Every structure is written in C-alpha cells, then in structure tokens.
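Following: one structure in structure tokens, then a few remarks.
Small disclaimer: the values here were computed from a predicted structure and weren't measured. A, B, ... follow the sequence lines: proteins, then strands. Residue 1 opens every chain.
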Protein chains: 2
Amino acid sequence: MTKRAKHPVRTTEKSLRLIAELNQLGEARVTTLASELGMGKSAVHNHLSTLEKHGYVVKDSETKTYRLSLKFLDIGGQIRSQRDVYKVAEPKVEELAEESGELVHLVVEEDGKGVYLCRSKGERAVELDTYIGCRHHMHSTAFGKAILSRLPTDRVDAIIDQHGLPKVTPRTITSREALFEELERTRERGFAVDDEERLEGLRCIAAPIKFDSDVIGAISVSGPTARIDDDWESNEFVSELQRTVNVIELNKYNV
Amino acid sequence: MTKRAKHPVRTTEKSLRLIAELNQLGEARVTTLASELGMGKSAVHNHLSTLEKHGYVVKDSETKTYRLSLKFLDIGGQIRSQRDVYKVAEPKVEELAEESGELVHLVVEEDGKGVYLCRSKGERAVELDTYIGCRHHMHSTAFGKAILSRLPTDRVDAIIDQHGLPKVTPRTITSREALFEELERTRERGFAVDDEERLEGLRCIAAPIKFDSDVIGAISVSGPTARIDDDWESNEFVSELQRTVNVIELNKYNV
DNA sequence: GTCCCCCGTTTGCTATTCGAGAACAACACT
DNA sequence: AGTGTTGTTCTCGAATAGCAAACGGGGGAC
C-alpha cells in the first residue's frame, strides 16, 4: 500500500500535471497552462511538444491550442480488450441489456474504486452520467457492494480507509458498521442493491462475477425506481441478471 | 507540422517509453523493463512508482508486476464524451447497427489516421479486430476515403507523406494517382467504398459527416462480401447510411 | 529449518538536464 | 506602421535524475 513514491520523478510529475490540467480544461494554450500551474512558459512548451511528439497531445496549429489526443482512448481500449473478463462478459452484457431493456454495466475494481468496462443500453434505458472508464465509489453503488461482499474484510477496510464513505444522496450508507451489515445481507442474497443511494430516482441491482473464489468484476442493471421493483424476492431482473452471471462464470473457465 | 520537439524533455520520454513497453507486454517486472529498455533498475523503479502514485500504473503486490491502469480508459472516455460528434452520432450509430444488422463504426481523423470513436454490432455483425480507440490507415478503409474526399488536397498530400500507402491486401490502393481518382469518384458518389482493400472477405461503405463544409468524421458499415452487394447503385445499406448521416448533420447544428 | 539466490528497494554522489529569464519571432488588432 | 500579445528559441545556473553499490526480504532447493 505504498501509495507515495519514495523518490518521485519530478519531471514526469510535471508532465502528468499538464495532462491532468488539459483533461480538465478540454483545451488550452501555453500561457494559460503556465500561469495555471505556476510553471514557466518554456517549461510548458517543452513538455507539451514532447507529449505531442509521442502522440499524447495534439496541437491545433490554427488556434495554437493543445488538447489531449485520442491515444488515451487507444491505450485504454487495448488494456480493456486484453482483460479476460471483458472478452467473456461483453457479449453477455449486450444480451442482458436487450433482454431487460434497461442499462447494463460491467464493472471491475481498481485502486479501491469501481471502473466501468462496458455499458449497453436496452430499449428503455435511462440516460446516465456514466461513461466507459469512469470511476465510482464502491459503497454507494450496487456493483461496488457486490464486489465488496466477496472481498476479504481487511481489503474492504483498506478501501474504506482510502476513499472514505462520502454521502452522495440521503440514502447513501455512510457508516462502516452499516456497510458491513449490508455486505452480509448481500452475501446471503447473492446480489447487491442500490436503492437511490447514488442517485435519487435510480435503482440498481448487481451480482459479482466469481472465478476460483475470487471476484473479478460485477454486472449491474440500472433503471428508474418506477420500473425496478424493490420487492427483491420476486424481481424479474434479478433472475435475468443471475442467469447472465452464471453463463459468464462458466464461459470464463474456457478462456 | 513540427513533428519533432526541439527541446524534448528526456525524462518524460523515458516515462513514456515505459508506458509503451508496458502496454506491449501487458505486464512486467522491474528487471524485465530495465533490461528491455536499457535503463538502470533504480531509474525504472522511480518512474514506475511515480506513475503508480498518479494512478497510471498498477502494481500487483503479490507478483511484484506492474501493468497500465484503467486510468487511460477513464481519460480516453472523457475525451470521447466531450466530442460533439460523438454526442450527436453515438445514438444514431446504434440505430443504424440495429437497422442494418451489420457492424457500424463512427470514426474521426487524428494525426493522419482514422480513430474509432464508437462501434455498434447489429444482429448478424461480423467479428472484427477493431476496438474503440484503435487506429487505421485512411487509404485502405472506406471511412478513411470518405474523410479524405472532403479534405483539402494539400492536407491529403501531407497525410500520404506522413504515413505512406502500405499494401494490406492485394486490392489496397497503393499509388497516389489511383487514390486521388478514387477520392474524386467518392466525392461524386457521396460515399466511399472499401472492397476487400483492408481485409479479404470484408466490404465496407462509409459516408463523411460534414459540418459547415468541414468533415468532422465518418460513419461506416462493414460486412462480409456475401451480404454487402457491390452493385453500389442499388445497395440498400447505402441509403440507410446516408439517411443516418443526414440526421446527424442536422442534429449537429443544435448542439 | 537453513542457506542461498534473486529481485525490488534504498542511498549517496555526480553528470545530466530541466527550466527561469530574456531575447526573438509571428501574428492580430488598432 | 505600431503595439500588445503569445509561441518559440537560447543560455546558463541550479535542480535532479539515475548509475553503481549496498540493503533487505521473500521463495525455492536441499
């Protein structure tokens, strides 16, 4: 858990700060970035042209502005397609979306947060603020609780220590005890639930994908409270979801 | 067109070489990377821990191996969702995939190559080696020729100079003259065609998306030669494609 | 259980090189 | 033309990256 580098490479960190700033601003000029980050113009210029040379940044020679290139999407796409979970689960996610008509996500955990690996919209799917690659807290989402419920306790503790339990809606779980109780319930049930804990008006259910007793991700179905019934025992989405996960787990052994 | 940085930041370049190498290897240990890149162990270690601190690299503390993190997918996803073309075209791409049953792509040009922004698979869609973010040459693809056909001649020349016209199948266009003739034909027709020029057995059609007389991307439909007829005049996919592009172009003005 | 080897990490020191500042160049606007 | 703004180049001093070497620790062989 050595989060901090003992001997950070400061020059690299400057480049990374530039990338972060560019990502936030969308696009920017040399002077803007220099004053924003408290660096000299020449330094900014050297870093940007280096990043450009390697394809991470694109310069619009008309307006003299820089922006991040789609190389990030390229690298991200490669990383994603290399993942076994993705290969196996992706087609099933699409099927489930079609079948249920709702929004379906495949999520994996990285660095204590949940990352969307793919999403598929069914016929009536809600529009959400999620995009492929975006990160969410674990405690306030169905997929997060699905994954946490299968991780060792010390791992869960470490994740809470790292990211806390921020309240995002009135119903978000914000205490460690309540979360562990919920995880217990989740384990018994076999699937996790998010009842307006991340976004008001939104309900999600999620099931963990297991492989040799390790969780390797989760599948979630999201929809408006009006369509996703909170009588979980008789909820039709639950059975569809669990069927999908079962198929994925079986296929996983053939990779 | 200053491709090369005048004063490259060498330290940043080392970090980027590490990233490239990690991307290629999938995952690797310190020693492997050190010998592979001809760097000292401590240097590699410092760079990796710096990249890890900022979330670009993940260390598996079990096996002591490093790999690129999904942060690239995150950044890539943000960049993509910021693009206006994407916002407008994404839902229409899905519709077209459903309607046609084939594989549909949205592509934009960056640095002289075509980058896939999104893909949607119809019922009978072929399995291709493409992934979101991946790059292809322009001259050997339908979307590439669709975009090139609407770029100024000097721009096209520059792109050819930069990337050449490599032959990927027996039918790939490899001469500048033939390409310009083909672009002329494409312009007249309004859509571009790839008849096994990138992959044997695969035919694609593509139409440029225009906005104020600039091309901002292209939509393509790909399928096996058996299903995509090469009698372009009466091809049903062509009209579906053109209808889709028209809708996108109209919606584009309301962003 | 012990030894040994290998690999990741830390340290100290020096050569490298990054970057502030100033000068230069290229526009855009008045 | 003139002036203000912004990107780019240059030079040199100070910051620092990274080599070599030492340390530490985990795993395998026996």
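- Here the side chains of A:Ile19 and B:Tyr56 are in contact, with some heavy-atom distance below 4.5 Å.
- With DNA chain D read from its 5' end, the first of the two nearest nucleotides for B:Gly40 and A:Ser42 is the one closest to A:Ser42.
- Salt-bridge check for A:Arg198 with A:Asp129: passed, with a basic side-chain N closer than 4.0 Å to an acidic carboxylate O.
- Distance from the side chain of A:Lys6 is smallest to C:dT10 among D:dC10, C:dT10, D:dG18.
- Relative to the side chain of B:Val9, the nucleotides D:dG18, C:dC18, C:dT9 differ in distance, and C:dC18 lies closest.
- A close approach under 4.0 Å does occur between a side-chain nitrogen or oxygen of B:Thr11 and OP1 or OP2 of C:dC18.
- Residue B:His47 places none of its side-chain N or O atoms closer than 4.0 Å to OP1 or OP2 of D:dA17.
- Phosphate proximity of D:dA22 to B:Lys41: absent, as no side-chain N or O sits under 4.0 Å from OP1 or OP2.
- When rounded to the nearest whole Å, the span between OH of A:Tyr66 and P of D:dT6 equals 15 Å.
- Contact check, B:Lys59 against C:dT9: a side-chain N or O comes under 4.0 Å of OP1 or OP2.
- One interatomic measurement links the two molecules: CD of A:Glu13 to C1' of D:dA17, which rounds to 13 Å at whole-angstrom precision.
- Nearest-nucleotide assignment on DNA chain C puts the 5′-proximal partner with A:His7, out of A:His7 and A:Arg10.
- Between the CG atom of A:Leu48 and the P atom of D:dG7 there is a distance of 10 Å, rounded to whole Å.
- Contact check, B:His45 against C:dG8: no side-chain N or O comes under 4.0 Å of OP1 or OP2.
- In this structure, CD of A:Glu62 is placed 15 Å from P of D:dG7, rounded to the nearest angstrom.
- In this structure, CG of B:Asn46 is placed 10 Å from P of C:dT9, rounded to the nearest angstrom.
- Between the C1' atom of C:dT9 and the NZ atom of B:Lys64 lies a distance of 9 Å, rounded to the nearest Å.
- The side chain of B:Arg29 places no N or O atom within less than 4.0 Å of a non-bridging phosphate oxygen (OP1 or OP2) of C:dC7.
- Both the sub-6.0 Å distance and the 45° axial angle are not jointly satisfied by B:Arg83 relative to the ring of B:Tyr86.
- Counting heavy-atom neighbours within 6.0 Å of A:Glu188 CD, excluding the residue itself, gives a total above 12.
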